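Read the structure below first, then the notes.
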Amino acid sequence: YFQSMNFGMLASAMKSEMLKGNVGVGVAYMDAGKSPATDINGADLGYSTKATDLLLVLSYARMIKSVSAGASLKIISSTLGDDKVSYSPSTFAIDLGGLYKFDKMPLSIGLAVQNLGGAIKYIEKNEKLPMIVKIGAAYKINLSGEKHKITPSLDLIPVSDGAFGMNFGGEYTWDFS
């Protein structure tokens, strides 16, 4: 069923002198495709189910002293249904984030809080969007002068049972000039 899934995203951002920061807009769409409806025992019920999600985002970011701070307003629309009936709830949510770059060392630390405020109601029950908190750090390393740099990064994400999830990544920069 993964072959019938589709995902698309389009986003853009630009500096705004009038707003003294950066403004961004984006749209993302996910279509899970059709899959056969089954009962609790896995027996085919003879019809298909379908799920789609649409996300519209308006973002603003600016420097506040030595912190890059930003916020995004998200409009989320979800459709879940089958050949007989479908539900299409929508909600709003806000993401907030900040990034501090140290002056005396190539270290940056950040904090993001995502999905503040939103809830989705498909049939009877309101389901709050999961609030996600991420704490991260990145350290820029010069490999050979200023031409080659690598920046390893790490995010810690608290999960419900008191444990932490972790994301690790990196960036390689090669200055061709």
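All values derive from a computational prediction rather than experimental measurement. Just so it is clear, the values below take in all heavy atoms, side chains as well, and ignore hydrogens, waters and symmetry mates.
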Report yes or no: do [X] and [Y] belong to one cluster of Ile/Leu/Val/Met/Phe/Trp/Tyr joined by side chain heavy-atom distances under 4.5 Å?
X    : Y    : answer
V57  : V27  : no
F164 : L154 : yes
V25  : L19  : yes
L99  : L96  : no
L10  : M14  : no

Just verifying a value: how many Å separate [X] [atom1] and [Y] [atom2], rounded to the nearest 0.5 Å?
X    : Y    : atom1 : atom2 : answer
K101 : K140 : NZ    : NZ    : 6.0 Å
I94  : L129 : CD1   : CG    : 12.0 Å
I120 : E127 : CD1   : CD    : 10.0 Å
S68  : N22  : OG    : CG    : 9.0 Å
R62  : S16  : CZ    : OG    : 10.5 Å
L116 : L73  : CG    : CG    : 11.5 Å

Residues pairing under salt bridge (Lys or Arg N to Asp or Glu O under 4.0 Å) where one sits in residues 163-172, two or more places apart or in two chains, turn out to be none
Does anything in residues 86-95 form a salt bridge (Lys or Arg N to Asp or Glu O under 4.0 Å)? List the pairs, not counting sequence neighbours. K74-D95
Show, in sequence, the C-alpha distance, side-chain angles and deciding distance for I157 and N167, and conclude whether the side chain to side chain contact (heavy atoms under 4.5 Å, CB included) test is met. CA-CA 8 Å; I157 306 161; N167 294 330; 3.3 Å; yes
Evaluate Y87 against T79 for side chain to side chain contact (heavy atoms under 4.5 Å, CB included), listing each step before the verdict. CA-CA 6 Å; Y87 302 93; T79 300; over 6 Å; no
State, yes or no, whether a side-chain contact exists between [X] and [Y] at a heavy-atom distance under 4.5 Å.
X    : Y    : result
D53  : Y29  : no
N6   : M30  : no
I135 : D155 : no
K134 : L111 : no
D39  : L45  : yes
F92  : I76  : no

Other residues, nucleotides and ligands only: do more than 12 of their heavy atoms fall within 6.0 Å of CE on M131? no
Does T91 have any side chain to side chain donor-acceptor pair (under 3.5 Å) partners at least two apart in sequence or in another chain, and if so, which? none
By side chain to side chain donor-acceptor pair (under 3.5 Å), S72 pairs with (sequence neighbours left out) S59
Would a distance-only check, ignoring hydrogens and angles, find a side-chain to backbone donor-acceptor pair under 3.5 Å from T49 to S35? yes
With no hydrogens and no angle check, is any side-chain donor or acceptor of N126 less than 3.5 Å from a backbone partner on A119? no
May I ask you to list the residues sharing a hydrophobic cluster with I150, side-chain cutoff 4.5 Å, ordered by chain and number? V67, Y100, F102, M105, L107, I109, Y139, I141, L143, Y172, W174, F176
Under a 4.0 Å N-O cut-off, is there an ion pair linking D31 with K50? yes
Take T173 and H148, measure what side chain to side chain contact (heavy atoms under 4.5 Å, CB included) needs, and give me the verdict at the end. CA-CA 6 Å; T173 306; H148 301 277; over 6 Å; no
Taking all heavy atoms of A93 and all of N115, pick out the closest pair and write down the distance. CB-CA, 4.1 Å
For P89 against K121, the heavy-atom pair lying closest together: CB-O, 3.2 Å
Pairing residues for Y47 by the ring-ring contact (aromatic ring centres under 6.0 Å, His included) criterion, not counting sequence neighbours: none
